[in-house]
Colleague: 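This is the structure, below, for whatever I ask next.
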Amino acid sequence: MNPARPWPGLNRAGLNRAGLNRTGLNRAGLNRTGLAIAAATVAMLAGCAHKPPRPGPSPTGAHYTIGYPFEGGGEWHYPRAFGAYDQTGLAAVIPPGHEAATTDGEAFHQSGLMAQSPVLPLPSLVTLTNLVNGRSLTVRVNDRGPATPGRIIAVTRAVASRLGFPASGVVEIRVKLLESRSSALQSALGAGPHLTPAPVAGVEASALPPPPGAAGSAGTTRPTNAPVTAAAPPTVAGPSGIVHTTTPDPGPLYVEIGGFGSGSDARNTLYRLEGLPGGVVPQSSEGRTLYAVKLGPYHSVAAADAALRAVLARGVPDPEITVH
């Protein structure tokens, strides 16, 4: 992955046809020239909603990749391998105009059950749960993104439709890595060491003489070249497309800055964020107790986004929006 282009094909342009209503334009008193211009604008925006992929690398087939740390929108992201990953936050929809290929070399389709993650190894399989309506679905993470700060995943239009995303395209989400299935998938694509069986050479072995009184004689055993059958790569089931429904679990939003080794370090950071409501909370991570600054609660996406921008503006790195 090229660190200078961490999100192949991402487009920050937002398209909105709100207000381009022919009836509304007439009531506003626009003349025929104004109507013609407005109609052309509508046609242009309608075309943008289905514009073809931007030029870029062609799909080469899936390959395992992690990539390098990268910055986007004021946030740094650190892709790495995870033994476990179970996070809540906000999800977005991948905008139109994506390049033909994903970061790991697959063909990108808005109709596919695909997603972007800023940190997970590619490809990975995850279960996404819409915390507002309880719908869950398994998807394949095969791309880097999203570009918007405060979003932990972005999905295709097909995934957003199945999970019932709102019109805004942003929803509270839970992302849970399917560790064993992801590991098998990545191993099949070259992740980790692969052991090759040693070839069977033509070694001559001398037989021991028979014990006294036993029939038979000592001799030389002819070499055997038994064929070695290579193990077939594991078959990994992809996303089934089946939507499951669980109990909805929405909650208020928070902005967290985690990973502090001591409570005093976390409190010093909280002092830098004076004026934002919050406190210091302990967190367990791989058997260790770490500390996080937790700001909130916020009861709208807009409020949480504003708090995240305020944290970044004060020079505090790595804030995340979480649920609950």
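Position 1 is the first residue of the sequence; numbering continues from there.
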Colleague: Decide whether Tyr254 and Ile257 are clustered together by the hydrophobic rule: side chain heavy atoms of Ile, Leu, Val, Met, Phe, Trp, Tyr closer than 4.5 Å, transitively.
Modeller: no
Colleague: Tell me, which pairs form a salt bridge (charged side-chain N to carboxylate O under 4.0 Å, His left out) where one or both residues lie in residues 159-173, sequence neighbours left out?
Modeller: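 Residue pairs passing salt bridge (charged side-chain N to carboxylate O under 4.0 Å, His left out), neighbours aside: none found.
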Colleague: With rounding to the nearest 0.5 Å, note down the distance linking CZ in Arg288 to CD in Gln283.
Modeller: 12.0 Å
Colleague: Give a yes or no answer on whether the side chain of Arg80 reaches the backbone of Tyr78 with a donor-acceptor pair at less than 3.5 Å.
Modeller: yes
Colleague: Quick one: do Met114 and Phe108 satisfy side-chain contact (heavy atoms from CB on, under 4.5 Å)? Show the steps, please.
Modeller: CA-CA 8 Å; Met114 303 178 182; Phe108 175 80; 4.1 Å; yes
Colleague: Can you give me the closest heavy-atom contact between Pro282 and Thr289, atom names plus distance?
Modeller: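 That closest heavy-atom pairing would be CB-CG2, 4.2 Å.
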Colleague: Run the salt bridge (charged side-chain N to carboxylate O under 4.0 Å, His left out) test against Arg174 and tell me which residues pass, sequence neighbours left out.
Modeller: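 Arg174 satisfies salt bridge (charged side-chain N to carboxylate O under 4.0 Å, His left out) with Asp86 once adjacent residues are dropped.
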Colleague: Which atom names give the shortest non-hydrogen contact between Pro146 and Gln116, and what distance separates them?
Modeller: CA-OE1, 3.7 Å
Colleague: Measuring from atom OG of Ser117 to atom CG of Leu122, what distance do you get when rounded to the nearest 0.5 angstrom?
Modeller: 7.5 Å
Colleague: Nearest 0.5 Å please: distance from the CG atom of Leu185 over to the OG atom of Ser180.
Modeller: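 Between atom CG of Leu185 and atom OG of Ser180 there are 11.0 Å.
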Colleague: If I compare all heavy atoms of Tyr291 with all of Gly263, which pair ends up nearest, and what's the gap?
Modeller: CD1-N, 3.4 Å
Colleague: Does the side chain of Phe260 reach to within under 4.5 Å of the side chain of Val280, using non-hydrogen atoms?
Modeller: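 No - every pair of side-chain heavy atoms lies 4.5 Å or more apart.
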Colleague: Which residues pass the side chain to side chain donor-acceptor pair (under 3.5 Å) test with Ser161, sequence neighbours left out?
Modeller: none
Colleague: Are Leu113 and Val93 co-members of a hydrophobic cluster defined by side-chain heavy atoms under 4.5 Å apart?
Modeller: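 Yes; tracing contacts between hydrophobic side chains, which count when under 4.5 Å, links both residues.
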Colleague: Test of understanding: clusters of I, L, V, M, F, W, Y form through side-chain heavy atoms closer than 4.5 Å, transitively. Do Val171 and Leu90 belong to the same one?
Modeller: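 No.
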Colleague: Tell me, please, which residues at least two apart from Ser111 pass side-chain contact (heavy atoms from CB on, under 4.5 Å).
Modeller: His109
Colleague: Please name the pair of heavy atoms, one in Pro79 and one in Arg144, separated by the smallest distance, quoted to 0.1 Å.
Modeller: CB-NH2, 3.4 Å
Colleague: Could you tell me if Thr65 and Asp104 have a donor-acceptor pair between their side chains, going purely by distance under 3.5 Å?
Modeller: no
Colleague: Listed by chain and number, what are the side chain to side chain donor-acceptor pair (under 3.5 Å) partners of Thr322, not counting sequence neighbours?
Modeller: Glu256
Colleague: Check step by step if side-chain contact (heavy atoms from CB on, under 4.5 Å) holds for His98 and Gln110.
Modeller: CA-CA 9 Å; His98 194 288; Gln110 282 283 7; 5.6 Å; no
Colleague: Pro59 and Ala100: which non-hydrogen atoms are nearest, and at how many Å?
Modeller: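 Closest pair (atom of Pro59, atom of Ala100, distance): CG-O, 3.7 Å.
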Colleague: Pairs under 3.5 angstrom only: tabulate donor-acceptor contacts from the side chains of residues 240-249 to other protein residues two or more places apart or in another chain.
Modeller:
from: Ser240; atom 1: OG; to: Ile242; atom 2: N; distance (Å): 3.2
from: Thr246; atom 1: OG1; to: Gly134; atom 2: O; distance (Å): 3.1

Colleague: Answer with yes or no whether the hydrophobic clustering places Val170 together with Val255; edges join I, L, V, M, F, W, Y residues whose side-chain heavy atoms lie under 4.5 Å apart.
Modeller: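 Same hydrophobic cluster.
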Colleague: So, Glu179 side chain and Ser182 main chain: donor-acceptor pair closer than 3.5 Å or not?
Modeller: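 Here the side-chain-to-backbone pair does not exist.
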Colleague: Which other residues end up in the same hydrophobic cluster as Val281, if Ile, Leu, Val, Met, Phe, Trp and Tyr are linked when side-chain heavy atoms come under 4.5 Å apart?
Modeller: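 Traced through the cluster, Val281 reaches no other member.
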Colleague: With rounding to the nearest 0.5 angstrom, report the CG to OG distance, Leu270 to Ser264.
Modeller: 12.5 Å
Colleague: With Tyr85, which residues qualify under ring-ring contact (aromatic ring centres under 6.0 Å, His included), at least two apart?
Modeller: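 By the ring-ring contact (aromatic ring centres under 6.0 Å, His included) rule, Tyr85 matches Phe82.
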Colleague: Any side-chain heavy atom of Val155 within less than 4.5 Å of one from Val139?
Modeller: no
Colleague: First locate atom CG of Asp143, then atom CG of Leu120, and finally report the distance between them rounded to the nearest 0.5 Å.
Modeller: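 Answer for the CG-CG pair, Asp143 versus Leu120, is 12.5 Å.
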Colleague: Give the cluster check for Ile94 versus Val141: same hydrophobic cluster or not, with ILVMFWY residues linked at side-chain heavy-atom distances below 4.5 Å.
Modeller: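 Result: no, two separate clusters.
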Colleague: Can you say whether the rings of His77 and Phe70 are parallel (under 30°), tilted (30 to 60°) or perpendicular (over 60°)?
Modeller: tilted
Colleague: Measuring from His63:NE2 to Thr103:OG1, what's the distance to the nearest 0.5 Å?
Modeller: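 His63 NE2 to Thr103 OG1: 8.5 Å, rounded to 0.5 Å.
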Colleague: Show the atom names and distances, to 0.1 Å, of all donor-acceptor pairs under 3.5 Å that link a side chain in residues 295-320 to residues at least two apart or in another chain.
Modeller:
from: Ser300; atom 1: OG; to: Ala303; atom 2: N; distance (Å): 3.1
from: Asp305; atom 1: OD1; to: Arg151; atom 2: NH1; distance (Å): 3.0
from: Asp305; atom 1: OD2; to: Arg151; atom 2: NH2; distance (Å): 2.9
from: Arg314; atom 1: NH1; to: Arg272; atom 2: O; distance (Å): 3.3
from: Arg314; atom 1: NH1; to: Glu274; atom 2: O; distance (Å): 2.7
from: Arg314; atom 1: NH2; to: Glu274; atom 2: O; distance (Å): 3.3

Colleague: For residues 123-133, tabulate all N or O donor-acceptor pairs below 3.5 Å that involve a side-chain atom, not counting sequence neighbours.
Modeller:
from: Ser124; atom 1: OG; to: Pro121; atom 2: O; distance (Å): 2.6
from: Ser124; atom 1: OG; to: Gln186; atom 2: NE2; distance (Å): 3.1
from: Asn130; atom 1: OD1; to: Val132; atom 2: N; distance (Å): 2.8
from: Asn130; atom 1: OD1; to: Asn133; atom 2: N; distance (Å): 3.4
from: Asn130; atom 1: ND2; to: Asn133; atom 2: OD1; distance (Å): 3.3
from: Asn130; atom 1: ND2; to: Leu163; atom 2: O; distance (Å): 2.9
from: Asn133; atom 1: OD1; to: Arg135; atom 2: N; distance (Å): 2.9
from: Asn133; atom 1: ND2; to: Leu163; atom 2: O; distance (Å): 3.0

Colleague: List in chain and number order the residues that pass side-chain contact (heavy atoms from CB on, under 4.5 Å) with Ala158, two or more places apart in sequence or in another chain; answer none if no residue qualifies.
Modeller: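 Ala158 satisfies side-chain contact (heavy atoms from CB on, under 4.5 Å) with Thr156 once adjacent residues are dropped.
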